[in-house]
Amino acid sequence: MSGQSITDRITAAQHSVTGSAVSKTVCKATTHEIMGPKKKHLDYLIHCTNEMNVNIPQLADTLFERTANTSWVVVFKSLTATHHLMVYGNERFIQYLASRNTLFNLSNFLDKSGLQGYDMSTFIRRYSRYLNEKAVSYRQVAFDFTKVKRGSDGVMRTMNTEKLLKTLPIIQNQMDALLDFNVNANELTNGVINTAFMLLFKDAIRLFAAYNEGIINLLEKYFDMKKTQCKEGLDIYKKFLTRMTRISDFLKVAAQVGIDRGDIPDLSQAPSSLLDALEQHLASLEGKKVKDSTAASRASTLSNAVSSLANTGISFTKVDEREKQAALEEEQARLKALKEQRLKELQNGHSSYATTVASPVSTDGGTVNTAPAIDLFSTPSSTNGTSKAASDLLDLQPAFQQQALLLSTGLPTANTWGGFSASSTTQPQTARGLNVNFDSVFGKNSASANNVDSAVASSPSQGLIPNGQQLGKLVSDDLDSSLANLVGSNIDM
């Protein structure tokens, strides 16, 4: 089976409709594609764990719901996504997992859809057990062993005896659950299990480094412990030697699947003489007869063992630091790429704005109009322009005066084509400051009309002339005086 199934697309569409971006991303990260969850989906989920307004329980419950699927691919990818968030997400996520009574109940999971389903179901059960144990360990000690401070002043090196004897069995249980994954190189056949193995490999390095520092602290305190404490400490050290052999086998598998040799730490075995010295010390506390050993020889054996384990711890720490440095460089490269992209966007936006503002306007014919733009709000720069504009406006007055006079007297008006048409309406026209004898005007309509006709016929300059020529006596630049003269001339006529 490859590619997203119809069910995956429908589920993602449902979450898109409901507006749940987190649920949609979880769905896309745990599709039926036989490959590990995509990095962009995991990065978004990590970002969500760092946001205070994101509901962490809802995010975790969405991942748990995906593990109820019958497909081994969906379940396995849900486990790897959860593990990824536990390692790289905000600590709030693993805190919530540690507060739950139950996490993954997959001890009986079995996918019967095919032969690959049978094989992968075994690793799903083992993997879920490790994640459960990882959450339980956090609940018991209130910190993650893979994230604790290491070194001479680290958490495991500065822990007192009582707390150390209680903490080391917890870290041993988590290490056992991790090593119980027990995968061979020829079983890493697909991207899903490979992703899970890489997460387990990184956890194994950090977990064993903390485990190793706890053992160093135990050995330094061993010869000063009480009898019961020495007995517990000796048992813990014997189990540590067994787990060192198992972690060595685990790292060999990592080398076989192509992990770089520089990313695999070197293990230095403690001298076998140390175990004899520890057993003899416990026997002496119990009152048994033992070989006489000087304090100098015992101190020398202890020093050699501690030095050997310290070298192992340094090797593991270097691998972890190298991984952190690689992650930091990757993040810096990503930030640099984002910065360059942002600068390009700004430059493109600035150039497009400058082109819009400064470029001339192209006409429909393909030519470029380079004429300066007209400023509608600017004031004239010279008085000549002002006088010319005023003169142009006054040149329009004779036509207006002619039309007003003819409308007031009911005389035919000149149309555009040079002819005359009768006015259908008669509007009274008065001029301010004039004494007009309306009886003499309106009482002698016929005489006035005859006089006007004769005046038009006898004097072209006093007649009706189309196209806005002057009629009667006009006073330049004085509309009121011109109207008064026109009306007065008609009265005289």
How close do [X] and [Y] get, counting heavy atoms only, and between which atoms?
X      : Y      : value
Leu103 : Asn132 : CB-OD1, 3.0 Å
Met225 : Leu285 : O-CD1, 4.3 Å
Asn69  : Val75  : O-CG2, 3.2 Å
Tyr118 : Lys112 : OH-CG, 3.6 Å
Met156 : Leu168 : CE-CD2, 4.1 Å
Arg129 : Ala177 : NH1-CA, 3.2 Å

Distance, nearest 0.5 Å, that separates CG of Asp276 from NE2 of His281: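 It comes to 14.5 Å.
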With no hydrogens and no angle check, is any side-chain donor or acceptor of [X] less than 3.5 Å from a backbone partner on [Y]?
X      : Y      : value
Lys221 : Leu164 : no
Glu213 : Arg150 : no
Gln174 : Ser137 : no
Asn217 : Met159 : yes
Gln229 : Lys226 : yes
Asn184 : Asn186 : no
Ser121 : Gly117 : yes
Arg139 : Arg100 : yes
Arg92  : Thr49  : yes
Asn212 : Phe208 : no

May I ask you to check whether over 12 heavy atoms, not counting those of [X], lie within 6.0 Å of atom [atom1]?
X      : atom1 : result
Asn101 : CG    : no
Asn105 : CG    : no
Lys147 : NZ    : yes
Asn108 : CG    : no

Could you tell me if the side chain of [Y] sits less than 4.5 Å from the side chain of [X], heavy atoms only?
X      : Y      : result
His32  : Val74  : yes
Tyr222 : Leu234 : yes
Leu45  : Tyr88  : no
Leu274 : Leu219 : yes
Val253 : Phe201 : no
Val141 : Lys166 : no
Thr161 : Leu218 : no

Without hydrogens or angle criteria, can the side chains of [X] and [Y] be said to hold a donor-acceptor pair below 3.5 Å?
X      : Y      : result
Lys344 : Asn348 : no
Ser113 : Asp111 : yes
Tyr237 : Glu232 : no
Ser152 : Arg157 : no
His83  : Tyr130 : no

Can [X] and [Y] be counted as an ion pair, charged N to O under 4.0 angstrom?
X      : Y      : value
Asp180 : Arg246 : yes
Lys239 : Asp176 : no
Arg206 : Asp144 : no
Asp43  : Lys38  : no
Glu286 : Lys231 : no

Thr30 vs Arg66, side chain to side chain donor-acceptor pair (under 3.5 Å): CA-CA, chis, key distance, verdict: CA-CA 8 Å; Thr30 58; Arg66 297 295 286 174; 2.8 Å; yes
Aromatic plane relationship, Phe76 with Tyr127 - under 30° parallel, 30 to 60° tilted, over 60° perpendicular: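 Tilted, since the angle between the ring planes falls between 30° and 60°.
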The single option from Ile46, Leu97, Thr80 passing side chain to side chain contact (heavy atoms under 4.5 Å, CB included) against Leu85: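 Exactly one pass, corresponding to Ile46.
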Pair Phe143 and Tyr138, ring centroids less than 6.0 Å apart: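 Between Tyr138 and Phe143, which both carry aromatic rings, the centre distance is not below 6.0 Å.
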Distance under 6.0 Å and angle within 45° of ring axis: Arg126 vs Phe123: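 Yes, a cation-pi geometry holds between Arg126 and Phe123.
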